There are 2 protein chains.
Amino acid sequence: MSEPHTSTELATEKLREAILSGELLPGDRLHQDRLAEMLGISRTPLRAALTTLAQTGLVSYESNRGFYVREFSIADVSGAFQVRAELEAMACRLAAANMTDTARKLLNDLVAEGDRLLEPGALLPENLGAYRRMNVNFHTAVMDLAGNPWIRTFVQSLHNVPAASDRVIMWRDFRVIERSHDDHHRIARALAKGQGERAAAIMREHITFALEHLDLQLKLYPQDFLRMPSPDKPAKGRKASRSKRSSE
Amino acid sequence: MSEPHTSTELATEKLREAILSGELLPGDRLHQDRLAEMLGISRTPLRAALTTLAQTGLVSYESNRGFYVREFSIADVSGAFQVRAELEAMACRLAAANMTDTARKLLNDLVAEGDRLLEPGALLPENLGAYRRMNVNFHTAVMDLAGNPWIRTFVQSLHNVPAASDRVIMWRDFRVIERSHDDHHRIARALAKGQGERAAAIMREHITFALEHLDLQLKLYPQDFLRMPSPDKPAKGRKASRSKRSSE
DNA sequence: AATCGGATAAATGTGTTCATTTCTTTTGCA
DNA sequence: TGCAAAAGAAATGAACACATTTATCCGATT
């Protein structure tokens, strides 16, 4: 183990994963003793984990009334993209003033890595993880170059918004991926030349388009992205009904 | 009691206040036993409070090594203003599209309240709290009108950065206050007319100037704003060292 | 019959205790 | 004398148990 994970951190990660993957549905009550038993830990570290997630925004909490999986509205999701676009555009403006040779090389390497992964003319399933990692690293690198720690902090926390996270965005159309990666090319070039405003403009459009595309995908394949607590269509698994649940 | 404050929430508030007011110094170790005894509670709710503050960013935490009062760098503080400027400018652009008559009235009332408080030609001590409240309400109102919940969330969390919070900014110069309040006038008017870009520009300058002014004040009266952990001057108040801690 | 009220049950909040990790001190050895 | 390793002390992490609050159910009253 590289990091001495404590029970609390372990539980936090498991719960975050369960929520972001949709295993736990928005609005679900998070019973402490049941969850504790499920995870094989006591209530003490579980409560710590839930407290953390509550501050993160993934779960909501009311005194003496327990924790719930937070429900995100459409406004939350699109708002997340809006703010991300603004913050990362800002990062570009700032980063352009801090470009060094090593910075240029870093961005170039990341872009080249993307080129390599897209070389086959399609995003192969075995390359999906690597591509996502490259994508995250590219955006993170730009934000780090900006020298403003808050940008990365906030963008990071926006990735906890279910449908707004890079992890759940499925690009079904290869042309979209290519176009998106071409944005990376342009951003890297613009930054290398110190053209901050231009890089910012591309970045803003880069992210705004991601929202537009998500919007479209949402209409086409809603069940794959958002599992809203729809009253008539309970998706799958357990439902957040107030009556007694037969199982579990 | 209007709200059934629990021990945890109470402790959270007390600790937040203690940190923001400078009672607890950056870098201070937060011993659980002692703090619990000081606050008259057990370690369990205290840990919950510390966990919350850790996620908020006011304290740092390492597994098995405890909590510390987070140390903010100059980059953190100026970065907080930068991001605030960007986010609140964004709020103006968005709010301009959502202006209604009630919105116009709300902003006008807040501005009028400010006029009333500044009427004497000086910011009287007894009006200081009311003015700050008005200021916070004005900015909050604009962000709410933007319709993007994340803007307010993030700006709110930036107010937890010690010197970047409105609460610790002391305006020593009345002309600065007048000028600042005049910005509010202009922003309200611009928004009322739907001039989003103009309002955004004023807001950006409004906040950027606050940073510039803080910078100046910092040089003039450093001890009033930032209490950096100076190795030779233990500041004041309660001990940061347990028995004999020679160095560090 | 409906609603208000109280009693019971369930879940959360907190105090306490024990286990584990980390830090300090001391002791042994080169 | 200096360093290193081990033993002791102290602090954190987790489990357990108790107290308090909230929810549910049943019955009485209007």
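Bear in mind the structure is a predicted one, so any value in this text is a computation, not a measurement. Chain naming here is simple, since letters A, B, ... match the order of the sequence lines and numbering starts at 1 in each.
For residues 138-164 of chain B, every residue pair satisfying the salt bridge (charged side-chain N to carboxylate O under 4.0 Å, His left out) rule, not counting sequence neighbours, is listed here: B:D144-B:R152.
Here D:dG13 presents its P atom at 13 Å from NE2 of B:H31, a figure rounded to the nearest Å. Regarding A:E62, its CD atom lies at a distance of 14 Å from the C1' atom of C:dA11, rounded to whole Å. To the nearest angstrom, C1' of C:dT12 lies 9 Å from CZ of A:F67. Put simply, CG on A:D33 is 18 Å from P on D:dA14, counting in whole angstrom units. The CG-P distance, from B:L10 to C:dG13, rounds to 15 Å in whole Å. In this structure, B:Y68 atom OH and D:dA11 atom C1' are separated by 10 Å, rounded to whole Å. Look at CD on A:E37: it is 14 Å from C1' on D:dA15, rounded to the nearest Å. Rounded to a whole Å, the NE2 atom of B:H5 is 16 Å from the C1' atom of D:dT21.
At a non-hydrogen distance threshold of 4.0 Å, A:T44, A:P45 from residues 44-61 of chain A come into contact with DNA chain D.
Judged by atom type and distance alone, A:R43 reaches the base of C:dG13 through a side-chain donor-acceptor pair under 3.5 Å.
With respect to B:D101 and B:K105, no salt bridge is recorded, no charged nitrogen being found less than 4.0 Å from a carboxylate O.
Residues passing the side chain to side chain donor-acceptor pair (under 3.5 Å) test with A:Q82, sequence neighbours excluded: B:N148. Contacts of B:R43 classified as side chain to side chain donor-acceptor pair (under 3.5 Å), with partners at least two apart in sequence or in another chain: B:Q32. B:P45 pairs by the side chain to side chain contact (heavy atoms under 4.5 Å, CB included) definition with B:S7, B:T8, B:I41, B:S42, not counting sequence neighbours. Among residues two or more places apart in sequence or in another chain, the ring pair (Phe, Tyr, Trp, His ring centres under 6.0 Å) test is passed with B:Y68 by none.
Using a 4.0 Å cut-off, no side-chain N or O of B:S63 falls inside it from OP1 or OP2 of D:dG13. For the pair B:Q32 and D:dA10, the criterion of a side-chain N or O lying under 4.0 Å from OP1 or OP2 is not met. One finds a side-chain N or O of A:R65 lying less than 4.0 angstrom from the OP1 or OP2 phosphate oxygen of D:dA23. An OP1 or OP2 oxygen of C:dT14 is reached within less than 4.0 angstrom by a side-chain nitrogen or oxygen of B:T6. Dashed line: the shortest gap from a side-chain N or O of A:S7 to OP1 or OP2 of D:dG13 is not under 4.0 Å.
Using bins of under 30°, 30° to 60° and over 60° for the plane-to-plane angle, the ring pair B:H184/B:H139 lands in the perpendicular bin.
Each of C:dA11, C:dG13, C:dT21 was ranked by its minimum atom distance to the side chain of A:N64; first place goes to C:dG13.
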